[in-house]
Amino acid sequence: MRIARFSIDGNVAFGAVEGDKQDELVLDIIKGIPFTDFELSGTKVPLNKVRLLPPVLPNKVVAFGRNYAEHAKELGNEVPDAPFAFFKPSTSVIGPGDEIQYPPFSQDLHHEAELAVVIGRMCREVPRERVQDVIFGYTCANDVTARDVQRREKQWARAKGFDTACPLGPWVETDLDLATASDLTIQLTVDGEQRQLGRTSEMIHSIADLIVNITEAMTLLPGDVILTGTPAGVGPLNVGDEVAVTIEGIGTLTNKVVKRG
């Protein structure tokens, strides 16, 4: 099931996306929230009549860096022996169609296409054999990065945590199991030109590895998001660019880059 979060007539709701053709998609509005047992209301609205929002509002976004060997290599970094985590604040999250605002303190903004894992239940110290139980679903992400700031400041809070630095969407796909999600095509285009192309099977540390690693340290809450790393091909974004992340079996997340202010 594809679960979207949307706004219509000033109201915010979740809905199940139905249909195959983009111009014929509809939303069956969900009663309540999707992290517990829920029912479909049977009230349907065309997708093109609503504004899609970030599919979840995470308490925290836990991101893992250098999780694809070729990406680490292209930036001259060592491949970490263990998962390498950092955070993006909830205020960095935007949805499909929202604008990525080029931060005024950077002159080298980069795209990073990533598979995002959405957590479905409160969890801590998750054993490997229970990882599937805590996953709600998967969505597309763009770990937008001020590369010059990242290099200059060493720690990544401003470089990867600025407002609009974490586009998510267009919805959460809940029907992918862990094995399937671990071998999907992931690609990114800028103005229709392919920049990144890889498979999630190229991850150094698997989805299960990442969840086991981070829950050893902290509790994850329903709606929290884990970013799993980016394949090679990262590169610059400029004002006016339209950047699209497409992941097999999930969908396409599209955003435009604008000047802040």
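The figures here come from the full heavy-atom set of this structure, side chains too, leaving out hydrogens, waters and symmetry mates. This structure is a prediction, so every number in the text was calculated from the model and none was measured.
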[atom1] ([X]) with more than 12 external heavy atoms under 6.0 Å:
{"X": "M122", "atom1": "CE", "answer": "no"}
{"X": "Q155", "atom1": "CD", "answer": "yes"}
{"X": "E39", "atom1": "CD", "answer": "no"}
{"X": "D81", "atom1": "CG", "answer": "no"}
{"X": "R130", "atom1": "CZ", "answer": "no"}

Exercise. Decide ring-ring contact (aromatic ring centres under 6.0 Å, His included) for F84 and W156; before the verdict, give the C-alpha distance in whole Å, the side-chain angles of both, and the deciding distance to 0.1 Å.
Key: CA-CA 12 Å; F84 180 81; W156 301 352; 5.3 Å; yes
Quiz item: Just by distance, with hydrogens left out, do T145 and K160 show a side-chain donor and acceptor under 3.5 Å apart?
Solution: yes
Give the table of side-chain donor-acceptor pairs shorter than 3.5 Å for residues 219-241, with sequence neighbours excluded, one pair per line with atom names and distance.
| unit_1 | atom_1 | unit_2 | atom_2 | d |
| --- | --- | --- | --- | --- |
| D224 | OD1 | N59 | N | 3.1 |
| D224 | OD1 | K60 | N | 3.1 |
| D224 | OD2 | K60 | NZ | 2.8 |
| D224 | OD2 | L221 | N | 2.8 |
| T228 | OG1 | L115 | O | 2.7 |
| T230 | OG1 | A113 | N | 3.2 |
| T230 | OG1 | A113 | O | 2.8 |
| T230 | OG1 | Q196 | NE2 | 2.8 |
| D241 | OD2 | N238 | N | 2.7 |

Exercise. Mind checking the CG-CD spacing from D20 to Q22? Nearest 0.5 Å is all I need.
Key: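 Result: 11.0 Å between the selected atoms.
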Answer with yes or no whether the hydrophobic clustering places [X] together with [Y]; edges join I, L, V, M, F, W, Y residues whose side-chain heavy atoms lie under 4.5 Å apart.
{"X": "I186", "Y": "L210", "value": "yes"}
{"X": "I119", "Y": "I207", "value": "yes"}
{"X": "L168", "Y": "I100", "value": "no"}

Any salt bridge between [X] and [Y], counting N to O under 4.0 Å?
{"X": "R128", "Y": "D209", "value": "yes"}
{"X": "R199", "Y": "E248", "value": "yes"}
{"X": "R147", "Y": "E112", "value": "yes"}

